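Following: one structure in structure tokens, then a few remarks.
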Amino acid sequence: EFLFVRFINQGARVGQRAEHERRAETQGAGMRLLLRFLGRCLFAFLFISSGLSKLQGFYDNSSKLVSMLQPRITQAIEKTMMTLHLDLDKPEVTPAIATYALYAILFLELVGGVSFMFFPRAGSGLLSLYLVLVTPVMHDFYNHRPGSPAYTAEMVHFLKNVALLGATFFVMGERKTQTKKKIKSQ
């Protein structure tokens, strides 16, 4: 009889320990979800604040932004055509085309940033597209003399955007987590 009582008590302790571990895991899962959301908000803040700043500049003086963007798009097209050895007529980038490009950039940056917080994979796709389109055009280190301050500044911004692009690829490649289902089932 003594062994039977001891066996029952030991079983109860194992059950209590398992319950304690389950509660700790649930609390840890909640904390992980909170930290992941906070991290997404901080990452998205970079794009949202930059997009809002561009939007403010666009409303204040749209011709300045368009006149800055227009030659860079032209230069990027020329470099691409030369690199790919395309013997085509150079397309003319009008102010209207540069304005539409600016609208697309603002859309990708703002909508991508906001959606990244709540729909990480979709937001990552939009932000990836934004980074792939904008980085080589706006951070043209290759048009400056190596070692010059302009070269260094553009190279730093270019590499920063490449790192951000890597982070968006990381999020897009992440599997969906089962954490929410585990918490709801318990």
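Since the structure is predicted, the reported quantities are computational estimates derived from the model, not experimental observations.
- In this structure, Met155 CE and Lys160 NZ are separated by 14.5 Å, a value rounded to the nearest 0.5 Å.
- Distance alone, capped at 3.5 Å, places no donor-acceptor pair between the Ser53 side chain and the Ser49 backbone.
- For Leu69 against Ala101, the heavy-atom pair with the smallest separation is CD2-CB, 4.2 Å.
- Between Leu106 and Lys54 the shortest heavy-atom distance is CD2-CB, 3.5 Å.
- Val137 and Tyr151 are members of different hydrophobic clusters when ILVMFWY side chains are connected at heavy-atom separations under 4.5 Å.
- The number of heavy-atom neighbours closer than 6.0 Å to NZ of Lys64, taken from other residues, nucleotides and ligands shown, is 12 or below.
- Considering OG of Ser148 and CZ of Phe141, their distance stands at 12.0 Å, rounded to 0.5 Å.
- In this structure, NE2 in His157 is found 11.0 Å from OG1 in Thr152, a value given to the nearest 0.5 Å.
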- Message: Evaluate Leu35 against Met31 for side chain to side chain contact (heavy atoms under 4.5 Å, CB included), listing each step before the verdict.
- Response: CA-CA 6 Å; Leu35 289 174; Met31 182 58 80; 4.1 Å; yes
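- Looking only at distances, no side-chain donor or acceptor of Arg145 sits under 3.5 Å from a matching main-chain atom of Ala150.
- Cluster annotation: Val162 and Val132 are assigned to distinct hydrophobic clusters (Ile/Leu/Val/Met/Phe/Trp/Tyr, side-chain heavy-atom contacts under 4.5 Å, transitive).
- We find the CD1-CG distance between Ile73 and Leu133 to be 10.0 Å, quoted to the nearest 0.5 Å.
- Residues Gly113 and Ala44 come closest through the heavy atom pair O-CB, 3.0 Å.
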**OP:** Would you sort out whether Leu127 and Leu108 count as a side chain to side chain contact (heavy atoms under 4.5 Å, CB included), showing the intermediate values?
**Re:** CA-CA 6 Å; Leu127 292 176; Leu108 289 171; over 6 Å; no
Derivation of the side chain to side chain contact (heavy atoms under 4.5 Å, CB included) call for Val134 and Ile105 = CA-CA 8 Å; Val134 167; Ile105 288 167; 3.8 Å; yes
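- Cluster annotation: Leu65 and Tyr103 are assigned to the same hydrophobic cluster (Ile/Leu/Val/Met/Phe/Trp/Tyr, side-chain heavy-atom contacts under 4.5 Å, transitive).
- If you check the side chains of Thr83 and Lys79, you find no donor sitting under 3.5 Å from an acceptor.
- Residue pairs satisfying the salt bridge (charged side-chain N to carboxylate O under 4.0 Å, His left out) criterion with at least one member in residues 123-137, sequence neighbours excluded, are absent.
- Across all their heavy atoms, Ser124 and Val171 have their closest contact at OG-CG1, 3.2 Å.
- Summarising the geometry of Arg121 relative to Glu174, their closest heavy-atom pair is NH2-O, 2.7 Å, with the distance given to 0.1 Å.
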| Stepwise side chain to side chain contact (heavy atoms under 4.5 Å, CB included) test for Leu110 and Leu52 | CA-CA 7 Å; Leu110 289 171; Leu52 289 175; 4.0 Å; yes
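- For the residue pair Thr168 / Ser128, a side-chain donor-acceptor distance below 3.5 Å is found, with atom types taken as modelled.
- In this structure, the separation between CD1 on Ile77 and NZ on Lys90 is 9.5 Å, given to the nearest 0.5 Å.
- Both Leu129 and Met138 belong to a common hydrophobic cluster when Ile, Leu, Val, Met, Phe, Trp and Tyr are linked at side-chain heavy-atom distances under 4.5 angstrom.
- Contact between Ala122 and Ser115 at its shortest, heavy atoms only, is C-OG, 4.3 Å.
- Within the structure, the ring pair (Phe, Tyr, Trp, His ring centres under 6.0 Å) test picks out the following pairs touching residues 110-132 (sequence neighbours left out): Phe37-Phe118, Phe43-Phe116.
- Using a 4.5 Å cut-off on side-chain heavy atoms (C-beta onward), Phe47 and Leu131 make contact.
- Taking CG from Asp87 and NE2 from His85, the interatomic distance works out to 11.5 Å, rounded to the nearest 0.5 Å.
- Using a 4.5 Å cut-off between side-chain heavy atoms of Ile, Leu, Val, Met, Phe, Trp and Tyr, with links allowed through other members, Ile97 and Met68 fall into the same hydrophobic cluster.
- With Ser50 contributing its side chain and Leu46 its backbone, the two residues share no donor-acceptor pair below 3.5 Å.
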